[in-house]
Amino acid sequence: MEHVCFEYTTARKYIGEEVLLAQKKVTEKAKGVLLTRSGKGCDYLGWLDLPESYNKEEFVRIQRAANRIRGNSKVFVVIGIGGSYVGARAGIEFLGHNFFNSVDEKYRNSPEIYFAGNNISASYLNDLLQTIGERDFSINIISKSGETLEILLAARVLKNALVAKYGKKEAARRIYVTTGKQENALRKMAMAEDLETFVIPDEVGGNYTILTAAGLLPMAVSGINIEEVLKGAEKMHEHCYEAPYEQNSAMLYAAARNYLAENGKNIEILSTYEPYAERLAEWWKQLFGETEGKEKKGIFPACASMTNDIYTLGQFIQDGARIIFETVINIKYTGRDIFCKAEAGNPDDLNYLVGKSVSYINKCAMEGTNLSHTDCDVPVFIIDVPERSAFALGELIFFFEFSCAISSYILDINPFTQPRVEDHKKNMFALLGKPGFENRRIDMEKRL
């Protein structure tokens with residue numbers, strides 16, 4: 001059985017075995033800090049244990065809730081932002097139909113799934129309510145802090161719509177809350193209204209919540225086998241813990257990317273060649289951006305959706321500032337395929353493709369682009385993903401999480417805090433007149 005693995009031979013012009021050998025000591029030290037739980041933010045390492053020791057009782061409740069939602073709802077709305085939503089969406093889109101909400105129900109076997117709380121837009125919420133229409137629906141409100149304005153605002157709007165449609169008692173059966181253990185606004189609301197609640201453990205940082213109920217419940221509603229996701233994560237967990245440095249994909253990825261950053265390549269583009277992997281790249285961006293971007297350190301994470309972005313970012317990648325390296329997700333087996341057929345007269349000059357599959361053509365586009373970027377002084381790494389499956393998704397999730405934590409400890413920063421993320425929230429609260437923020441508002445009005 002093939003597994004997710006990191007391939008750096010495509011970047012051998014920049015990184016060879018001798019370079020990675022020179023990075024071995026600092027990378028192994030970072031791994032030691034992580035596994036002995038002796039580093040900064042060590043109180044937030046609960047994600048390390050999730051694949052092996054997920055709360056079995058809660059896991060059963062998640063599956064029961066998912067089955068209930070699938071049985072009584074035509075629409076399911078996931079309300080969250082950042083780490084409280086993008087992981088769930090990444091998994092659903094990675095394994096789901098490319099036209100999930102539009103295709104006939106028999107092809108998806110689940111409710112339509114929409115997302116809210118990731119913006120503050122009246123237009124978006126009105127359009128969402130119009131899309132739901134008179135159909136049965138349920139919502140999942142996800143916020144570890146339980147205080148995030150975007151989430152609570154969207155939740156109030158959709159909760160009011162549920163109450164108007166079903167009354168308070170039935171509406172409560174259709175509202176699922178995923179939040180932290182500590183008392184917060186969302187937890188207080190859930191307790192007061194007797195809503196079913198799932199826990200994001202205190203010891204799991206907000207940007208590492210994809211394998212908690214925050215990610216697992218929405219994925220289960222979509223029809224994903226979440227047991228297989230956890231099995232894949234557990235397999236990668238085993239690899240990350242036990243494989244020696246020279247064969248440890250997660251360690252080599254962390255070492256290679258930090259070496260390039262030390263040598264002026266401080267922007268990483270994660271490129272995907274399948275539309276269903278685009279949201280996975282967005283989850284990666286959130287994970288690495290929030291984890292590494294501190295103390296004026298870190299590699300700036302960006303995403304590219306190929307081949308479309310060859311025609312939007314390609315010029316800059318190949319001829320702009322030489323500050324970029326690229327990591328490409330290569331999904332080796334993509335499932336159903338289409339083969340090109342001959343056309344009489346060859347009107348579009350494509351008969352040279354006869355007998356070739358669209359997937360093969362896509363791989364040629366990827367390999368040709370990789371060579372072009374390498375020729376233009378852009379190092380290219382490959383992350384091979386054997387197939388589009390729940391097991392492979394779990395492997396990929398844990399691979400990135402482990403690499404990200406090691407990479408952060410190489411930089412000697414705390415991977416599990418977001419010290420500046422709260423600034424904009426406090427400014428919003430002050431401008432909106434939230435009690436307790438009066439002094440901040442006075443100061444802001446002087447500056448505005």
Side-chain angles (χ1 to χ4, degrees), residues 6 30 34 39-41 44-45 47 80-91 93-94 115 117-119 142-145 148 150-151 200 204-212 214-215 250 253-262 264-272 277-305 309 313 316-317 321 323-329 381 383 396-425 427:
F6 172 67
L34 178 63
K40 299 173 181 178
Y44 295 95
L45 290 173
W47 59 272
I81 196 170
S84 294
Y85 117 96
V86 73
R89 189 167 186 174
E93 294 192 10
F94 184 76
F115 299 87
N118 54 2
N119 57 58
I142 309 171
S143 172
K144 185 179 181 185
S145 71
T148 306
E150 292 92 334
I151 297 170
I200 299 174
V204 177
N207 41 339
Y208 280 75
T209 60
I210 186 172
L211 295 180
T212 71
Y253 176 51
R257 61 194 304 276
N258 275 282
Y259 171 79
L260 290 180
E262 290 167 6
K265 305 286 188 182
N266 51 24
I267 295 177
E268 179 178 10
I269 296 177
L270 188 72
S271 294
T272 59
E278 290 175 8
R279 195 65 59 172
L280 187 70
E282 290 293 323
W283 169 78
W284 167 89
K285 183 172 73 174
Q286 184 268 337
L287 174 69
F288 277 83
E290 284 210 342
T291 302
E292 285 191 323
K294 296 157 198 166
E295 300 178 25
K296 308 299 185 288
K297 299 177 184 178
I299 299 166
F300 185 83
C303 308
S305 178
D309 278 338
L313 294 175
F316 188 93
I317 292 171
I323 54 177
I324 295 168
F325 69 97
E326 184 178 18
T327 301
V328 176
I329 294 181
F381 300 135
I383 296 174
L396 195 56
I397 287 168
F398 197 84
F399 165 82
F400 279 133
E401 289 183 333
F402 199 86
S403 297
C404 188
I406 288 180
S407 189
S408 299
Y409 280 138
I410 290 173
L411 294 172
D412 191 31
I413 59 175
N414 185 338
F416 310 112
T417 60
Q418 295 88 45
R420 301 311 298 266
V421 169
E422 296 298 316
D423 289 359
H424 84 279
K425 294 183 183 179
N427 288 344

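All values below come from the heavy atoms of this structure, side chains included, with hydrogens, waters and symmetry mates left out. Note that this is a predicted model, so its numbers are computed, not measured.
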Does [Y] offer a backbone N or O that forms a donor-acceptor pair with the side chain of [X] under 3.5 Å?
{"X": "Thr212", "Y": "Ala214", "result": "yes"}
{"X": "Ser407", "Y": "Ser403", "result": "no"}
{"X": "Lys40", "Y": "Asp412", "result": "yes"}

Between [X] and [Y], what is the shortest heavy-atom contact and its length?
{"X": "Ile413", "Y": "Lys294", "answer": "CG2-O, 4.2 Å"}
{"X": "Val204", "Y": "Trp47", "answer": "CG2-N, 3.7 Å"}
{"X": "Leu313", "Y": "Ala304", "answer": "CD1-CB, 4.2 Å"}
{"X": "Ala281", "Y": "Thr272", "answer": "CB-CG2, 4.0 Å"}
{"X": "Ser143", "Y": "Ile151", "answer": "CB-CD1, 3.7 Å"}
{"X": "Glu292", "Y": "Ser408", "answer": "CG-OG, 3.6 Å"}

Is there side-chain contact between [X] and [Y], with at least one heavy-atom pair below 4.5 Å?
{"X": "Ile269", "Y": "Phe316", "value": "no"}
{"X": "Phe381", "Y": "Ile383", "value": "no"}
{"X": "Leu45", "Y": "Leu34", "value": "yes"}
{"X": "Trp283", "Y": "Ile397", "value": "yes"}

Spacing of [atom1] belonging to [X] relative to [atom2] belonging to [Y], to within rounding of 0.5 Å:
{"X": "Gln286", "Y": "Thr291", "atom1": "CD", "atom2": "OG1", "answer": "7.0 Å"}
{"X": "Glu401", "Y": "Trp284", "atom1": "CD", "atom2": "CH2", "answer": "14.5 Å"}
{"X": "Leu396", "Y": "Leu280", "atom1": "CG", "atom2": "CG", "answer": "5.0 Å"}
{"X": "Phe115", "Y": "Ile142", "atom1": "CZ", "atom2": "CD1", "answer": "8.5 Å"}
{"X": "Thr209", "Y": "Leu287", "atom1": "OG1", "atom2": "CG", "answer": "10.0 Å"}
{"X": "Arg257", "Y": "Ile410", "atom1": "CZ", "atom2": "CD1", "answer": "9.0 Å"}

- Message: For a ring pair (Phe, Tyr, Trp, His ring centres under 6.0 Å) check, start with the C-alpha distance between Phe416 and Tyr208, then their side-chain angles and the critical distance, and finish with the verdict.
- Response: CA-CA 9 Å; Phe416 310 112; Tyr208 280 75; 5.3 Å; yes

- Electrostatic pair Lys285-Glu282, nearest N-O below 4.0 angstrom: yes

- Residues Glu150, Asn118; criterion side-chain contact (heavy atoms from CB on, under 4.5 Å); working and verdict: CA-CA 6 Å; Glu150 292 92 334; Asn118 54 2; over 6 Å; no

- Task: Could you tell me how the ring of Phe400 sits relative to the ring of Phe288: parallel (under 30°), tilted (30 to 60°) or perpendicular (over 60°)?
- Result: perpendicular

- Parallel, tilted or perpendicular, as decided by the 30° and 60° cut-offs, for the rings of Phe6 and Tyr253: tilted

